[in-house]
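Each remark here refers to the structure printed beneath this line.
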Amino acid sequence: MTLVRYLLALDEGTTSARAAVYDSEGRRIAMESAPIDCRYPHPGWVEQDALTGAGAIWPAQLDATRRTLAAANVDPKDIAALGITNQRETTLVWDRVSGEPIAPAIVWQCRRTADYCAGLASSSSSRSTIEEKTGLVIDAYFSASKIRWILDHVPEAQNRARAGDLVFGNVDTWLIWKLTGGKVHVTDPSNASRTMLYNIETGDWDNELLAIFDVPRAMLPTVVPSSAVCGTTTIFGSEIPIAGIAGDQQSALFGQACFSPGLSKNTYGTGCFALMHTGGTRPVSRNRLLATRACSLDEKPQFAVEGAVFIAGAAVQWLRDKMGLITNAAESEAIAASVPDTGGVYVVPAFVGLGAPHWDSSARGTITGITASTDRARIVRATLEGIAYQTRELTDAMQADSGTKLQELRVDGGASANAFLMQFQADILGCRIVRPADIETTALGAAYLAGLATGVYKNTDDLAQFWRSERVFEPKMNADQRESLFAGWKSAIARARA
Ligand code: ADP
């Protein structure tokens, strides 16, 4: 009898915690999710609870995982390993002994440290040190300023951190801490490279960066390869090795089988994240993209260039929850397709400022070109188009950096299910869009990493065989129309930034 071996992926996103079980051919057997609650205590602030309450990170992840195991009907003894992927940058600080968070989790979207970051960026020496060592652009998005905020605002926190009583983690680290009963405090290079404290070339926390942010090294997790056994958990009824860790976007790059230089993907979730693998070479962007660590199978570093847009699918949620223009996200597709164009309307969803390539914290959401004929369908359509235009800005920067034209973009994430959006994306990029059979590539990447570490999968060539395209969107728009529409977007962006 052959041994059946499964992999479990824990995928803790911004809006939901998911879990999935895969078989040894990379096929998904079950996937369940539980919602994560966000709080917005002030304009631009975004928080989540880590430990208590139904919509908190840990209980939601546990709930989703238990339900997934039940739905898969797999004996936990047959799970070879689990992998974790997570919303990146979101910052947690907790007590080493009690395991209690000392503040709510500060979510990646939160802008509370924008002024602090602007101050840092105004010093050209700090700025060049930070940007050279981390590959990042100084911005409130990354973890370092969020840690600083917690240490500054919770009484005694700085002293307790110095004494080694407090620990920091992104969501991967927090989940592993909880899964191992506080025994293991680790992260991987893909997550570490988003903290702004990690030197992406040396592969270690950097003393100069720690000094700039005044963050004690004692708080920080040990960095282990993305694909390696780093601990075990017994929480699901059997001993399961924890063998994969990756930040959600690098995990999706891996799940899309983008293992070699030039292969690119874009994820349409809450935000949009376009990544191009650059192999063992650290990229240097001249167009305000980020250089980041891709998943590592061993100690050898792997890199990617990344463009991040903060609000993408979240703009569709806004249409539903705040504007009441749609009742569910999927409906936006038919409504957008019911009109031939937006009639010159552009929706720039700069709700929390603009990410790459603008990096403008002060920009705000803007709708331009409204006339008496602007109706619900045109606003819905312009919102979806706004997601595609933002992606175009990222791929333009990638193409300018690499000097090569993008031939194909692999897509995933919740909003990639929207065929109107994908066709418009192909049109506005003038490039083929390929959607794989399994768009849950974030979870898949974590399962692949865990499977490689435990011998369920032999090598990345094996994994590349599993990748299947489900639908290809070819560009149909002529170049004149494409460029004229994109010129209109650029004017709308200028107004959002004014
Ligand atoms: P995350 O991992 O960031 O939580 P997901 O990949 O689950 O995000 O995608 C959820 C996002 O995608 C939501 O913001 C939602 O509004 C959007 N979305 C989901 N389905 C569609 C759809 N059919 N059309 C447009 N947007 C969608």
Side-chain angles (χ1 to χ4, degrees), residues 9-20 31-38 46 48 55 57 60-61 64 84-90 105 107-109 141 171-172 246-253 255-256 265-274 308-338 347 349 351-352 355 377 379-388 390-391 410-425 433 435-436 438-446 471 473:
L10 273 49
D11 173 6
E12 203 291 322
T14 311
T15 54
S16 69
R18 273 169 285 208
M31 179 172 235
E32 296 291 327
S33 71
I36 302 281
D37 292 338
C38 272
V46 191
Q48 290 175 343
I57 293 168
Q61 188 63 66
I84 291 180
T85 179
N86 55 291
Q87 48 166 324
R88 303 171 303 173
E89 298 103 10
T90 295
V107 177
W108 57 276
Q109 293 162 315
Y141 175 23
V171 171
D172 58 322
D248 51 10
Q249 301 314 321
Q250 289 97 330
S251 189
L253 189 68
Q256 286 275 25
K265 70 90 196 173
N266 191 25
T267 297
Y268 300 80
T270 302
C272 249
F273 298 87
V309 158
F310 297 140
I311 302 292
V316 179
Q317 276 168 271
W318 167 78
L319 288 178
R320 184 192 63 191
D321 301 339
K322 301 290 182 208
M323 303 300 284
L325 295 182
I326 55 175
T327 51
N328 60 67
E331 189 189 43
S332 63
E333 179 177 331
I335 297 174
S338 73
V347 173
F351 303 158
V352 292
I379 295 286
V380 170
R381 182 175 174 123
T383 305
L384 292 178
E385 290 187 2
I387 299 173
Q390 293 186 96
T391 297
R410 296 181 175 185
V411 297
D412 53 55
S416 73
N418 190 309
F420 166 81
L421 173 60
M422 293 301 104
Q423 183 57 51
F424 189 78
Q425 187 70 82
I433 300 289
R435 191 167 67 189
D438 187 352
I439 60 168
E440 296 292 347
T441 54
T442 307
L444 186 59
R471 187 160 168 192
F473 298 85

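One-based numbering, in listed order, for ligands and for the atoms of each. All values reported here derive from a predicted model rather than from experimental measurement.
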Residue set satisfying ring-ring contact (aromatic ring centres under 6.0 Å, His included) with Phe420, at least two apart, ordered chain then number -> none

* Between the main-chain N or O of Gln256 and the side-chain N or O of Arg410, is there a donor-acceptor pair closer than 3.5 Å? -> yes

Can you tell me if Glu331 uses its side chain to pair, donor with acceptor, with the backbone of Thr327 under 3.5 Å?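 It does hold such a pair.
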
**Item:** Near ligand 1, at a heavy-atom separation below 4.0 Å: residues by chain and residue number
**Value:**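 These residues qualify: Thr14, Thr15, Arg18, Gly269, Thr270, Gly313, Ala314, Val316, Gln317, Ala329, Ala330, Ser332, Gly413, Gly414, Ala415, Asn418.
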
Sequence neighbours excluded, the answer for side chain to side chain donor-acceptor pair (under 3.5 Å) partners of Gln87 is Glu12, Gln48, Thr90

* Asked: In chain order, what residues pass the side chain to side chain donor-acceptor pair (under 3.5 Å) check against Thr14, with sequence neighbours excluded?
  ->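 Side chain to side chain donor-acceptor pair (under 3.5 Å) check on Thr14 returns Trp108.
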
Assess the side chains of Asp11 and Thr442: does a donor N or O sit below 3.5 Å from an acceptor N or O?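 Thr442 and Asp11 do not have a side-chain donor-acceptor pair below 3.5 Å.
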
